[in-house]
There are 2 protein chains.
Amino acid sequence: MGRHREFDVEKALDAALCVFWRKGYEGASYADLTEATGVERPALYSAFGNKEALFRQALARYDEQYLDYIPEALQLPTARQVAAHILYNAADLNTRYPNHTGCLGINGALAGSDEAEPVRQALIDFRAAGQAQLRERFERAKAEGDLPKTAKSDALAAFVMAVTHGMAVQAKAGFSRDMLGAVAEQALSTWPTGSSTLSGKSSEP
Amino acid sequence: MGRHREFDVEKALDAALCVFWRKGYEGASYADLTEATGVERPALYSAFGNKEALFRQALARYDEQYLDYIPEALQLPTARQVAAHILYNAADLNTRYPNHTGCLGINGALAGSDEAEPVRQALIDFRAAGQAQLRERFERAKAEGDLPKTAKSDALAAFVMAVTHGMAVQAKAGFSRDMLGAVAEQALSTWPTGSSTLSGKSSEP
DNA sequence: GCGGTTTAGTAATGGCCATTATGAAAAAAG
DNA sequence: CTTTTTTCATAATGGCCATTACTAAACCGC
């Protein structure tokens, strides 16, 4: 029993997510959040908890709703396809919405006041989890002969992630989808292969 | 005539620079700045103007004091050496000071409140200037036959910058100098060569 | 339709923010 | 030594911040 909620919690979370995406954790004020969600402050608190809790839920939703290309990528047959799928989809996502360019995982909190340290750490862990998945996928690729045994899977994973992070910074600076695509292409050129040569171009746009 | 300044303006600027480097523009409060510089608020205002003006002066000093490896790099004989010098020195700088890892050009202001928009734009312009220099250097390299005529100098410059930005993000997340060095090495292993093959390793550590 | 319970919205609270008024202190000029 | 000019430091100002009492309204089971 009791009164029903008058707003759609999921829609409010989506709206808050976009605010965080654009302004980051500390840059987003409750004035911004209430305006974007159409929900008054106390209702946001009762539905999501405080600002940090709201951000963490937004991050989880971001992972589900926007980063589904990562599990997709990990299932592709070759390491090179995995990397290509990630890089081109990142270029895409980072430039798809003009109102919130770049990546929530980067925009969220890079530097800031000490108060935001827990959120910063959460984002570090979030990115590290993705990188670990990628490294493991590359290790499998080595076992399968898809990558040379001399390849360093942790360095390769860090490299792919570094390029996506760099593209996120550039997207936030206004770089076009095409420019980021060119960056991705360059990152993929001469990818190490099991059979020593054949550096070929990407199969993706 | 009149009273002398009791603090060293340059030292105060250096201290403020480190605060911005660590916390970014919005994350740095005047409480932080007065503590780090040992200078009271009104003295900072009279010496540097407001917070935005102080940040811009800190950025200029950062360019002079810490990014001298970029003009150095541009004078090296080959495009590959230019890129290698930039990437390895960036890996170094990003991890040299445990109290302010990463890069001021990235940490300074990526996302944030609307109020910080001018600072964000200043940093975008700052990074774009570096990227433009690099692109021009690569065009020269094409003219000199040091890069293939088919190479896209703007994409190459954007790629090198993307990797440095990504390394800055990773450094802020606590990555070691060695890990960033491995990222740089991987970035250089994709480098196109004039003579079609021979993707060789870097000459730098 | 009434009592219990949950939500909505207004408006308050205390804290930190950048910025600056104010007046004391210090140094050079006359 | 006095006057003028500049810097210093304390402390105030107004605004925005996240968070939350508090009151009114809406719904469910009875």
Side-chain angles (χ1 to χ4, degrees), chain A residues 1-13 15-20 22-59 108-109 111-120 122, chain B residues 1-13 15-20 22-59 108-109 111-120 122:
Chain A
M1 53 182 113
R3 184 170 174 176
H4 301 322
R5 207 159 245 147
E6 286 185 359
F7 63 94
D8 183 329
V9 177
E10 218 169 50
K11 281 195 172 183
L13 184 56
L17 160 54
C18 292
V19 174
F20 285 130
R22 175 187 173 85
K23 301 194 165 191
Y25 174 67
E26 291 197 292
S29 73
Y30 266 90
D32 297 326
L33 293 168
T34 55
E35 187 188 345
T37 58
V39 174
E40 295 300 324
R41 278 161 244 239
L44 288 177
Y45 276 89
S46 84
F48 302 106
N50 70 3
K51 194 185 177 186
E52 181 177 336
L54 173 55
F55 180 84
R56 295 181 117 100
Q57 290 167 72
L59 182 61
S113 78
D114 292 339
E115 200 190 23
E117 179 57 29
V119 170
R120 220 152 34 234
Chain B
M1 55 182 113
R3 184 173 175 175
H4 302 320
R5 205 160 246 145
E6 286 184 0
F7 63 94
D8 183 331
V9 177
E10 218 169 50
K11 280 195 172 185
L13 184 55
L17 160 54
C18 291
V19 174
F20 285 130
R22 175 185 173 85
K23 301 196 165 190
Y25 174 67
E26 292 197 293
S29 73
Y30 266 91
D32 298 325
L33 294 167
T34 55
E35 186 188 344
T37 59
V39 174
E40 293 301 323
R41 279 160 243 238
L44 288 176
Y45 276 89
S46 84
F48 302 107
N50 70 3
K51 195 183 178 185
E52 179 176 337
L54 173 56
F55 180 84
R56 297 183 116 100
Q57 289 167 74
L59 182 61
S113 78
D114 291 340
E115 199 189 24
E117 178 57 30
V119 170
R120 222 154 30 236

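Throughout, protein chains are lettered first and strands after them, A, B, ... in sequence-line order, and every chain is numbered starting at 1. When reading the values below, keep in mind they use all heavy atoms of this one structure, side chains included, and skip hydrogens, waters and symmetry mates. None of the values given here were measured: they were computed from a predicted structure.
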Review point. In whole angstrom, what separates A:R5's CZ from C:dT6's P?
Key: 12 Å

Practice item. Please state how far atom CD in A:E6 lies from atom C1' in D:dA26, giving the value in whole angstrom units. Key: 8 Å

Check your understanding: Do other residues, nucleotides or ligands put more than 12 heavy atoms under 6.0 Å from A:E35 CD?
Key -> no

Exercise for review: By nearest nucleotide on DNA chain C, pick out whichever of B:Y45 and B:R3 is the more 5' one.
Suggested key: B:Y45

Revision key, fill the gap. Within residues 23-34 of chain B, the residues having a heavy atom closer than 4.0 Å to DNA chain C are B:A28, B:S29, B:Y30

Check your understanding: Between A:H4 and D:dC28, does any side-chain N or O lie under 4.0 Å from OP1 or OP2?
Key -> yes

Exercise for review: Measure across A:A109 and A:V119 and return the closest heavy-atom pair with its distance rounded to 0.1 Å.
Suggested key: CB-CG1, 4.1 Å

Practice item. Could you list by number each residue of residues 36-43 of chain B showing a heavy-atom separation from DNA chain C of less than 4.0 Å, or answer none if no residue does? Key: B:R41, B:P42

Review point. With B:F48, which of B:L33, B:L54, B:T37, B:V39 fulfils side chain to side chain contact (heavy atoms under 4.5 Å, CB included)?
Key: B:L54

Exercise for review: Rounded to the nearest angstrom, tell me the gap between atom CD in B:E35 and atom P in C:dC17.
Suggested key: 12 Å

Practice item. Output yes when a side-chain donor or acceptor of A:E26 lies under 3.5 Å from a complementary backbone atom of B:G27, and no otherwise. Key: no

Point to revise | Nearest-angstrom distance from the residue atom CG of B:D114 to P of D:dG15 | key: 19 Å

**Study point:** Minimum heavy-atom distance between A:A28 and A:K51, given as atom pair plus value
**Key:** O-NZ, 2.7 Å

Exercise for review: For A:L44 and C:dG9, give me the distance from atom CG to atom C1', rounded to whole Å.
Suggested key: 12 Å

Review point. Has the side chain of B:E52 got a donor or acceptor atom that lies under 3.5 Å from a matching backbone atom of B:P118?
Key: no

Point to revise | Length of the CD-P vector between B:E115 and D:dC16, whole Å | key: 9 Å

Revision key, fill the gap. Looking only at heavy atoms, the pair that brings A:G24 and B:A111 closest together is N-CB, 3.9 Å

Check your understanding: Taking the side chain from A:R120 and the backbone from A:D114, do they hold a donor-acceptor pair closer than 3.5 Å?
Key -> no

Practice item. Could you state the atom-to-atom distance from CZ of B:F7 to P of C:dA25 in whole Å? Key: 20 Å

Check your understanding: In terms of ring plane angle, is the pair A:Y30 and A:Y45 parallel, tilted or perpendicular, where the classes change at 30° and 60°?
Key -> parallel

